Protein chains: 2
Amino acid sequence: MPDPEPSTVLVVDDDPQIARALRINLSARGYHVVTAHDGTAALKAVAEIRPDVVVLDLGLPDIDGVDVIGGLRGWTQVPIIVLSARGDSTDKVHALDAGADDYVTKPFGMDELLARLRAAVRRSGVSAAEAEAVVETRTFTIDLAAKRVRRDGAEVHLTKTEWRLMEILVRNQGRLVTQKQLLHEVWGPTYDSESHYLRVYVAQLRRKLEPEPSRPRHLLTEPGMGYRFEC
Amino acid sequence: MPDPEPSTVLVVDDDPQIARALRINLSARGYHVVTAHDGTAALKAVAEIRPDVVVLDLGLPDIDGVDVIGGLRGWTQVPIIVLSARGDSTDKVHALDAGADDYVTKPFGMDELLARLRAAVRRSGVSAAEAEAVVETRTFTIDLAAKRVRRDGAEVHLTKTEWRLMEILVRNQGRLVTQKQLLHEVWGPTYDSESHYLRVYVAQLRRKLEPEPSRPRHLLTEPGMGYRFEC
DNA sequence: TAGGTCCTTGACGCGGCCCTGAGGACTGTT
DNA sequence: AACAGTCCTCAGGGCCGCGTCAAGGACCTA
């Protein structure tokens, strides 16, 4: 097994001290760290960089932390670990019920936070990895873990967007994925009806992967609803 | 949608007081509670009753708590919430790294534990719930999650409108669905009396799915009222 | 700054799906 | 037996959604 690429952590905290401390510690442990200093930036950052886990301080200047959780849970399952100075029981309950995965009160031990981070990443990784990492069709092979596609032995290069789209379809193989879901997961939660994007990119994938792009056998259209990947 | 069956919680604690307190509180919240008083019993209980979540005290008389976690993680992904009197950072790290999902130190607030329990069940339920969406009849099979219909092994293609209609009827299987409700949910709230639409589309569904379309056995008409799906 | 890749956006033809209307069957009522 | 109401069936026309091609522009790299 090759060394897995480092997990990306989005750290959301308006206190530069804490953000810096987290950045240093997490980076030292091999994580790829991105920081945001308010809720708006956090929501945007999640849509753009797709972190593997979010560490979220509740005391943000612009948006209430619980609303940030809600905004994320509307379209993504990314694990959220809440940091908060308030150890109040009702705060914890609200945050957890809004969709947070864990809740750590400040001051916190870095060891503990790291352990909880590992637990969160491990959990979400298990389900993601469960779907076999390699999917084969008659004409091409997809390695989800390595992010590689081969066709007749030769490697086929997919762009970032093409890959994201392909990955979602493959992870849901056999299932119909709605246009809205695809748009949300590839382009972000603000894209609802730009189905033209899908047409363009599905066409590109078909051109690269299907034996007869005009008669797709694996990337199937369900008119009015979405797309479906079949082996 | 019918009421989901209650989640089963395995409470593992050798202190009868705490075990009792948990049983009372969890039962009051609608959980199905099973208790075990030592590690051996816990391991056996998980294998036998397959709980949806385990609440595990670390101070067990026979087996070290971390080993219990390890014993479970060897074969199951059931969420484990650790309870412990020791708030020591290294204990937390060991338990979490052994595979625990969460760690709560005694004394704990019952509200918080319940919220963490909900979070754990929610997480694991997302993936498990989707699998249970297949409805079978004598002649055809409907997979609600994948949005696909099979008849005698072969795939039957439904259009968007056909599928919407079918889905509503299937989700209300056995129950009568009124024409108005069907029109509202498929064509929108402004459609009240266009029952001709329904006739056309129900006929199409019957033609595609019923063995004898003129003598429907599953898509039944209730004259003057609506339609009903029967397995 | 130049070159390349990639994302976005527009225009256009085509096929399939949704709607619609007409005719007929069935049932219950007067 | 005539009639009204509801339902089933079939077929055609309009239109929306899909696929395709191509060009503009953003971004990165050298």
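On a predicted model such as this, the values are computed, not experimentally measured, just so you know. In what follows, chains are A, B, ... by sequence order, proteins preceding strands, each numbered from 1. Hydrogens, waters and symmetry mates play no part in the numbers below; they use all other heavy atoms, side chains included.
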Verify the neighbour count for atom [atom1] of [X]: are there more than 12 heavy atoms of other residues, nucleotides or ligands below 6.0 Å?
{"X": "R118(B)", "atom1": "CZ", "value": "yes"}
{"X": "K44(A)", "atom1": "NZ", "value": "no"}
{"X": "K180(A)", "atom1": "NZ", "value": "no"}

Distance test, side-chain N/O of [X] to OP1/OP2 of [N], below 4.0 Å:
{"X": "Q179(A)", "N": "dG17(D)", "result": "no"}
{"X": "Y197(B)", "N": "dC18(C)", "result": "no"}
{"X": "T221(B)", "N": "dC7(D)", "result": "no"}
{"X": "Y227(A)", "N": "dG19(D)", "result": "yes"}
{"X": "S214(B)", "N": "dT9(D)", "result": "no"}
{"X": "R206(A)", "N": "dG19(D)", "result": "yes"}
{"X": "R199(A)", "N": "dG19(D)", "result": "no"}
{"X": "H157(A)", "N": "dT5(C)", "result": "no"}
{"X": "W187(A)", "N": "dT8(C)", "result": "yes"}

Quickly work out the [X] [atom1] to [N] [atom2] distance and round it to whole Å.
{"X": "E222(A)", "N": "dG17(D)", "atom1": "CD", "atom2": "P", "value": "16 Å"}
{"X": "K160(B)", "N": "dC18(C)", "atom1": "NZ", "atom2": "P", "value": "8 Å"}
{"X": "M225(A)", "N": "dG16(C)", "atom1": "CE", "atom2": "P", "value": "16 Å"}
{"X": "R207(A)", "N": "dG19(D)", "atom1": "CZ", "atom2": "P", "value": "12 Å"}
{"X": "H196(B)", "N": "dT9(D)", "atom1": "NE2", "atom2": "P", "value": "12 Å"}
{"X": "E194(B)", "N": "dC7(D)", "atom1": "CD", "atom2": "P", "value": "14 Å"}
{"X": "L183(A)", "N": "dC7(C)", "atom1": "CG", "atom2": "P", "value": "15 Å"}
{"X": "L182(B)", "N": "dC7(D)", "atom1": "CG", "atom2": "P", "value": "12 Å"}

*Taking atom types as modelled, is there a side-chain donor on H157(A) or E162(A) under 3.5 Å from an acceptor on the other?*
no
_Looking only at the side chains, is there a donor atom on one of H37(A) and D15(A) sitting less than 3.5 Å from an acceptor on the other?_
no
*Between Q204(B) and L198(B), which is nearer to the 5' end of DNA chain D once each is assigned its nearest nucleotide?*
L198(B)
Heavy atoms from C-beta onward define the side chain here; which of [options] lies closest to that of [X]?
{"X": "A203(A)", "options": "dT20(D), dC19(C), dC10(D)", "result": "dT20(D)"}
{"X": "V200(B)", "options": "dG21(C), dC17(C), dC7(D)", "result": "dG21(C)"}
{"X": "T161(B)", "options": "dC7(D), dC18(C), dC18(D)", "result": "dC18(C)"}

*Scan V170(A), L165(A), L205(A) and name whichever one has a side chain to side chain contact (heavy atoms under 4.5 Å, CB included) with L219(A).*
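Only one of V170(A), L165(A), L205(A) forms a side chain to side chain contact (heavy atoms under 4.5 Å, CB included) with L219(A), namely L205(A).
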